[in-house]
Structures are given as structure tokens and as C-alpha cells.
Amino acid sequence: MFDIQRFTAASDAADAVRLLREDPDAVLIAGGTDVLIRIREGKLPDAHLVSIHGLPELTGVRRTPDGTIVIGPATPFAVLAADPIIQTCLPFLGEAVSRVGGPQTREAGTVGGNLVNGATSADSAPSLCALNAQLVLRSADGTRTVPITAFYTGPGRTVRRRDELLTEIRILPEDYAGFAGETVKYGKRAAMEIATLGCAVMVRLSDDKRTVRALRLAYGVAAPTPIRCPQAEAAAVGKPVSTALADEIAHAVLDEVNPRSSWRASREFRLQLIEELTRRAFRAAVIRAGGAI
Ligand SMILES: Cc1cc2nc3c(=O)[nH]c(=O)nc-3n(C[C@H](O)[C@H](O)[C@H](O)COP(=O)(O)OP(=O)(O)OC[C@H]3O[C@@H](n4cnc5c(N)ncnc54)[C@H](O)[C@@H]3O)c2cc1C
């Protein structure tokens with residue numbers, strides 16, 4: 001049984017924001033793949049739900065005239081992965097969300113819910129951190145934009161206030177143009193598995209494809225929140241592409257991560273994964289960027 005006292009389907013984003021302000025107990029529901037589990041476990045008694053499920057204003061992907069890619073947070077994973085803009089400009093993000101759960105979860109679960117739940121294991125988080133995603137939060141007081149790197153405050157916690165609706169996930173042109181990316185998810189099996197470790201690497205090479213011009217390294221489950229490794233990123237800039245550089249980067253990130261031991265894996269195993277997955281993702285990203293390694 002689901003202990004739901006009140007369910008209101010918002011007519012649009014403005015209506016959702018109003019409903020959140022009027023009812024201090026209201027909780028948003030998009031795909032419900034997290035919220036309904038919390039309700040069934042008794043963690044949200046007498047729930048007052050405000051649904052944004054399928055709102056056109058919050059669903060889909062578009063590109064603005066300046067090249068910014070705007071992802072609607074209520075876009076289900078399956079829709080995101082099949083979107084032509086994602087397939088052309090951010091294929092690694094589409095691949096990452098194609099590894100979420102199984103087909104039913106990918107049809108129902110949304111990319112916005114995946115970020116807002118604050119999980120370090122969220123499959124969309126490493127790619128969106130590497131992409132410097134800008135998160136637009138709207139409340140009755142107005143709108144603010146928070147870089148994803150400042151969004152997470154701890155395990156399951158973010159800077160989002162209860163009455164704020166995530167309305168847009170924005171990727172600026174300078175954060176994807178000229179980059180190639182690769183993501184790796186490590187789990188004990190290929191489907192229906194929460195990540196033991198997630199890794200996203202983006203690289204921009206010089207015109208002759210021999211030198212690293214820019215590097216982005218992002219991880220899930222390598223720390224209490226999804227993280228970037230800015231020191232390792234900066235240290236690689238200007239260096240020639242080589243297997244030695246892949247090893248150097250893979251070692252360097254170990255100074256910036258802080259994984260924990262859990263029933264899924266020990267800290268030591270996660271450190272080994274971080275090193276190896278970084279090496280593999282860097283190589284694959286370089287090849288995607290037209291380089292040789
Ligand atoms: C069987 C199963 C397997 C799974 N496997 C994976 C997996 O492999 N990888 C993975 O990353 N996740 C996995 N998940 C978790 C889940 O599917 C995701 O976290 C999902 O993205 C949540 O999105 P949703 O739309 O279902 O969120 P909901 O359950 O509707 O909401 C989640 C949270 O986000 C809030 N919220 C939702 N949308 C907004 C918004 N626009 N603005 C503000 N707040 C919002 C809600 O209030 C709630 O707090 C799995 C879940 C299940 C049930």
C-alpha cells in the first residue's frame with residue numbers, strides 16, 4: 001500500500017511552484033522511482049504529492065540559438081538517450097543513462113530526479129559534472145542557477161530548498177563543443193545494478209590531436225557526493241597524449257578522491273577501480289576525439 005494523503009497534478013511549472021509554496025508538506029514526484037519506494041518503506045507518511053510527470057515544459061531536449069543545450073529535468077532516461085541532440089552532441093551522457101536499472105526504470109525515472117535525490121551513485125551525475133551542468137531552480141521567490149559542482153552538500157543532500165523546482169539542466173557551448181567524452185560504470189552485473197563506481201572523462205585535443213588542451217574528470221561513489229578532480233585535470237593540460245599520461249592522470253586522481261567501504265566494495269577496491277577506470281575512459285575519450293593512444 002502507498003500511504004498517499006493528497007495527490008495533485010501540476011498543470012505547469014508555475015503551478016508546481018505555487019503548490020510547493022502553499023503546502024509546506026508537499027513533495028514533488030516526477031517518475032516516482034525513488035519517491036514511491038520511500039513511501040512504501042514508510043519514510044514519507046501521509047504524503048502530499050505534487051506531480052510534474054510528463055509536463056511538456058519540463059520534458060525533452062532543445063538547443064538555444066547560442067548553442068546551449070537545455071535538458072528538461074522531467075525527461076525520462078529512455079527519452080534522453082534517444083534524443084538526436086544528445087546522440088549528436090553528448091553521446092556519452094546518453095550512454096551513461098542507458099545503464100540505469102532496467103527498461104522499466106529507464107522509461108519512468110527522470111534525469112532531474114536522479115540529480116535531486118543527491119545520490120553519489122546516480123548514473124547521470126558523473127557526465128553532468130564533467131559537463132559543468134548549470135541547474136536552474138525556481139521557487140515562488142524567483143529563479144537561481146547553481147553549477148552542479150556546487151549543488152551537492154553531502155550524501156543525499158543538495159542546496160535545493162524544498163519549495164524549489166528544478167526547471168532546466170543547461171550545458172553551455174564552451175562545456176561541450178570540441179570535447180569528446182567517455183563514461184564507465186562498474187557494477188557486479190550489467191543491468192539492475194547501482195554503480196560501485198562511475199567515471200566520466202572529457203577531453204579536448206589540439207588540432208593535430210597530439211596534445212591535451214582541456215580535460216574533465218568526474219566520478220560517482222568516489223566520495224560522499226559526485227566529484228570532479230580539478231588538480232589532475234589542470235596537470236594534464238598541455239601534455240602530449242600517451243599511455244604514460246593516462247597512467248599519470250590515473251595516479252593523480254587518487255589524491256582527490258575519498259571513497260568509502262560499503263557492502264558493495266571496500267575503499268581499497270574502489271581506489272583500484274578509480275585508477276583503472278580513469279585510464280580506460282581517458283584512452284577511449286582520446287580515441288573518440290580523433291587521437292591515437
Ligand atoms: C529498480 C530500480 C533500479 C534503479 N537503478 C538505478 C541505476 O542503475 N542507476 C541510477 O542512477 N539510479 C537507479 N535507480 C534510481 C532512480 O531510478 C533514479 O534516481 C531516478 O532518476 C529518479 O527519478 P524519478 O523521476 O523517478 O524521481 P522521483 O522518485 O519522482 O523523485 C526523486 C526525488 O527528486 C525530487 N524531484 C524530482 N524531480 C524534481 C524536479 N524537477 N525538481 C525538484 N525536485 C525533483 C523528488 O521530490 C524526490 O525527492 C533505480 C531505481 C529503481 C526503482
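Just so you know, ligand 1 is whichever comes first in the structure, and atom 1 is the first atom listed for that ligand. Computed from a prediction, not measured in an experiment: that's the story for all the values here.
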Closest non-hydrogen protein atom to [atom], residue and atom name please, with distance?
atom                    : value
atom 11 (O) of ligand 1 : Asp123 N, 2.8 Å
atom 35 (C) of ligand 1 : Val116 CG1, 3.6 Å
atom 28 (P) of ligand 1 : Gly32 N, 3.5 Å
atom 30 (O) of ligand 1 : Ala30 N, 2.7 Å
atom 50 (C) of ligand 1 : Thr105 CG2, 3.7 Å
atom 15 (C) of ligand 1 : Asp34 OD1, 3.5 Å
atom 18 (C) of ligand 1 : Asn114 ND2, 3.4 Å
atom 27 (O) of ligand 1 : Gly113 CA, 3.7 Å

- prompt: Pick one: which of Arg216, Arg204, Arg170 meets salt bridge (charged side-chain N to carboxylate O under 4.0 Å, His left out) with Asp175?
  reply: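 Single pass found, and it is Arg216.
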
I'd like to check which ligand 1 atoms, numbered from 1 as shown, lie under 4.0 Å from a non-hydrogen atom of [X].
X      : result
Thr33  : 16 (C), 17 (O), 18 (C), 20 (C), 22 (C), 23 (O), 24 (P), 26 (O), 29 (O), 53 (C)
Glu164 : 43 (C)
Ile29  : 30 (O)
Gly31  : 24 (P), 25 (O), 26 (O), 30 (O)
Glu193 : 8 (O)
Thr110 : 20 (C), 21 (O), 23 (O), 24 (P), 25 (O)

message: Using ring centroids (six-membered ring only for Trp), state whether Phe92 and Tyr176 fall under 6.0 Å.
response: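 No, the ring centres sit 6.0 Å or more apart.
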
I'd like to know whether ligand 1 has [X] as a neighbour, heavy-atom separation below 4.0 Å.
X      : value
Arg160 : yes
Ala122 : yes
His53  : no

task: For the pair Asp3 (side chain) and Pro45 (backbone), establish whether a donor and an acceptor sit closer than 3.5 Å, ignoring hydrogens and angles.
output: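 No; judged by distance alone, with no hydrogens or angles, the pair does not exist.
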
Any idea which part of [X] is under 4.0 Å from ligand 1, heavy-atom wise: side chain, backbone, both or neither?
X      : answer
Arg38  : side chain
Met192 : side chain
Ile37  : side chain
Ile52  : side chain
Lys185 : side chain

Option with minimal heavy-atom separation from atom 19 (O) of ligand 1, where the choices are Asn117, Thr167, Ile169: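 That would be Asn117.
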
task: Evaluate the side-chain hydrogen bond (donor to acceptor under 3.5 Å, both in side chains) criterion for residues Asp25 and His48: first the C-alpha distance (whole Å), next the side-chain angles of each, then the deciding distance (0.1 Å), finally the verdict.
output: CA-CA 6 Å; Asp25 295 326; His48 292 193; 4.7 Å; no

